[in-house]
There are 2 protein chains.
Amino acid sequence: MVSNRKCITRLSRYKNALKRLKALGFIKVFSDNLSDAAGVTPSQVRKDFSLFGITGNKRGGYKVDELIEQIQVILGKNEIQRVILVGAGRIGAALLRYKGFEEGGIRIVSAFDIDPAKYLANDAVPIRPLEEMTQFVRDEKIRVGIITVPDSAAQRIAEIMAAAGIKGILNFAPIQLRGTDEVVINNINLESELENLIYFVNAHSKANSAKCD
Amino acid sequence: MVSNRKCITRLSRYKNALKRLKALGFIKVFSDNLSDAAGVTPSQVRKDFSLFGITGNKRGGYKVDELIEQIQVILGKNEIQRVILVGAGRIGAALLRYKGFEEGGIRIVSAFDIDPAKYLANDAVPIRPLEEMTQFVRDEKIRVGIITVPDSAAQRIAEIMAAAGIKGILNFAPIQLRGTDEVVINNINLESELENLIYFVNAHSKANSAKCD
DNA sequence: ATATTTTTGTGAATAATATGACAATATAAC
DNA sequence: GTTATATTGTCATATTATTCACAAAAATAT
Ligand SMILES: NC(=O)c1ccc[n+]([C@@H]2O[C@H](COP(=O)([O-])OP(=O)(O)OC[C@H]3O[C@@H](n4cnc5c(N)ncnc54)[C@H](O)[C@@H]3O)[C@@H](O)[C@H]2O)c1
Ligand SMILES: NC(=O)c1ccc[n+]([C@@H]2O[C@H](COP(=O)([O-])OP(=O)(O)OC[C@H]3O[C@@H](n4cnc5c(N)ncnc54)[C@H](O)[C@@H]3O)[C@@H](O)[C@H]2O)c1
């Protein structure tokens, strides 16, 4: 098992780049085509592949179709990944209705909320009472959940998810949920992403005005 | 200038942790309180601070208020950061209406779209025709933009933004926009975040079933 | 057939990050 | 005041990630 976040993220990038290259008619690629398309170095590509036991052909590169297939298997894309979401508010609803996940083999099968005004039993993705979540997760053997509730509720929802058997959580609430041996957590903090960007924009403009001295 | 993404992200985390600690009544903190609250090691905290020239008192720790203030200045939170958004669709609308950014000193001052059905001249955050963006950015000296248009339009919007004088872009479209010397880009790919999570959930369950052999 | 070229796969070298260790020093205890 | 104690700030060390370099292998050219 490769336990390097960045490396897995690159794998997603390679997969996306490969799909573009395939659409452009490429049948095979070399590590430097792919690295170009993915914005990394060729040796990074080869090293990553080596880590996952992906092999190509000396002087022949990699067959695009096979490569996509191999990466997809590593990323679990050989089967549809069923996911639930808790908190059908603004951002939750945006995610629920996004078609792109399904195209990538990720299906949000149900949402849950505490607000009865949000319930929608017969939608493409039903929105159900929170109380039904635990049973649903157990019955459907769901392992991945998305949290889009207010920060004050996030920790509690994470605990309910973990107790129900969820093994991975994508959390959008602006609190840093801590993972355990049992549950992997990926915290997305959009304000922090903006702060990060703003820091670099400011640092950059200072560096440039310094250059002008 | 510190040019380490992770380090800036930690700074956001410290800031958030400090605000929580302050709410709990802390007047001063030590590197190990803070590291606990932020989920890093104490030496990481001190190392980061040292990098930014933040100093405390030997045996006295750091005064919470001063520390928050210093970090906020580094992150540009001493002034309101004005930001625009292009693509007032599902995810764009969720971001537009999110109150949390304003609380953190980040204000989305206007959105832009090509679909006249989306225009809303007199909303809290107006949604205007895309054609008005360039002028708006110039007049208002906006430096940061958020892209929430379909992937097919993202590259073009990024170029228009750059030409108008935008220096930093937070991109939600699932294509990897490439930064330049002039423009910093932070790509958020939510599908890739889910793929990442799913990889670790699967890898973990395999590792555990292996343990059971 | 043989030589030349191209490209992989990987171990070694380098670079980037994080942790550890501890001297310096401020505070508190006596 | 003196001693003991706690905590920072930073340099040394360890760990992790990336790039380099090149032998091995396959394809192509001669
Ligand atoms: N909207 C954004 O653009 C945005 C941006 C960054 C972060 N976030 C974060 O995402 C989260 C959701 O934001 P939002 O704007 O969608 O908020 P929202 O208020 O629109 O939606 C929250 C939803 O969660 C539901 N909810 C509340 N408590 C619950 C509970 N205990 N169990 C189940 N459901 C519960 C509410 O009924 C509501 O439907 C927040 O933590 C917010 O900080 C949102
Ligand atoms: N909705 C989600 O949850 C989600 C999740 C992951 C990624 N994304 C990505 O975010 C982006 C937006 O997704 P969405 O679901 O909000 O889509 P959407 O179709 O709801 O919204 C897109 C908006 O962009 C506008 N638009 C299109 N072309 C434009 C142009 N050239 N200039 C200005 N505006 C333009 C459209 O009029 C529309 O309002 C997409 O790239 C999508 O892949 C969305």
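Worth saying up front: this structure is predicted, and the values here are computed from it rather than measured.
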Original post:
What's the spacing between Asn189(B) CG and Asp151(B) CG if we round to 0.5 Å?
Top reply: 10.0 Å
Original post:
For DNA chain C, what residues of residues 7-16 of chain A have any heavy atom nearer than 4.0 Å?
Top reply: none
**OP:** Could you tell me the separation between the CD1 atom of Ile108(A) and the CD1 atom of Ile146(A), rounded to the nearest 0.5 Å?
**Re:** 4.0 Å
Original post:
Does a side-chain heavy-atom distance below 4.5 Å link Arg20(A) with Phe26(A)?
Top reply: no
N/O donor to acceptor pairs below 3.5 angstrom from side-chain atoms of residues 89-102 of chain A, sequence neighbours left out:
residue: Arg90(A); atom: NH1; partner: Arg97(B); partner atom: O; Å: 3.1
residue: Lys99(A); atom: NZ; partner: Arg97(A); partner atom: O; Å: 3.4
residue: Glu102(A); atom: OE1; partner: Arg107(A); partner atom: NE; Å: 3.2
residue: Glu102(A); atom: OE2; partner: Arg107(A); partner atom: NE; Å: 3.1
residue: Glu102(A); atom: OE2; partner: Arg107(A); partner atom: NH2; Å: 2.9

Original post:
Is there a side-chain contact between Ile106(B) and Glu191(A) (heavy atoms, below 4.5 Å)?
Top reply: yes
**OP:** Round to the nearest Å and state the distance from Asn4(B) atom CG to dA15(C) atom P.
**Re:** 17 Å
Subject >> Arg143(A) and Asn202(B) side chains, donor-acceptor separation under 3.5 Å >> reply: yes
Check residues 38-46 of chain A and write down every donor-acceptor pair under 3.5 Å in which the side-chain atom is one partner and the other belongs to a residue at least two apart or another chain.
residue: Thr41(A); atom: OG1; partner: Gln44(A); partner atom: N; Å: 3.2
residue: Arg46(A); atom: NH1; partner: Ser31(A); partner atom: OG; Å: 3.1

Subject >> Atom pair distance, as rounded to whole Å: NZ in Lys63(A) and P in dT8(C) >> reply: 14 Å
**OP:** Grab the CG-P distance between Asp48(B) and dT17(C) for me, whole Å please.
**Re:** 11 Å
**OP:** Would you give a per-nucleotide map of nucleotides 19-27 of chain C, 5' to 3', where B means the base has a protein non-hydrogen atom under 4.0 Å away, S means only the sugar-phosphate does, and - means neither?
**Re:** BBB--BBBB
Original post:
How would you label the contact of Phe49(A) with the nucleic acid (heavy atoms, under 4.0 Å): base, sugar-phosphate, or nothing?
Top reply: nothing
List the atom pairs, with distances to 0.1 Å, where a side-chain N or O of residues 54-66 of chain B and a protein N or O form a donor-acceptor pair under 3.5 Å, not counting sequence neighbours.
residue: Asn57(B); atom: ND2; partner: Gly61(B); partner atom: O; Å: 3.4
residue: Asp65(B); atom: OD1; partner: Lys22(B); partner atom: NZ; Å: 2.5

Subject >> Length of the CG-P vector between Leu67(A) and dT8(C), whole Å >> reply: 11 Å
Subject >> Range on DNA chain D touched by chain A - first to last nucleotide, heavy-atom distance under 4.0 Å >> reply: dA17(D) to dT28(D)
Subject >> Of Lys6(A) and Asp32(A), the one whose closest DNA chain C nucleotide lies more 5' >> reply: Asp32(A)
**OP:** Could you tell me the separation between the CG atom of Leu11(A) and the CG atom of Asp48(A), rounded to the nearest 0.5 Å?
**Re:** 7.0 Å
Original post:
Hey, mind stepping through Thr134(A) and Arg138(A) against side chain to side chain contact (heavy atoms under 4.5 Å, CB included) and telling me if it holds?
Top reply: CA-CA 6 Å; Thr134(A) 297; Arg138(A) 291 196 178 137; 3.6 Å; yes
Original post:
Got a second to check how far Glu195(B)'s CD is from Asn186(A)'s CG, nearest 0.5 Å?
Top reply: 12.0 Å
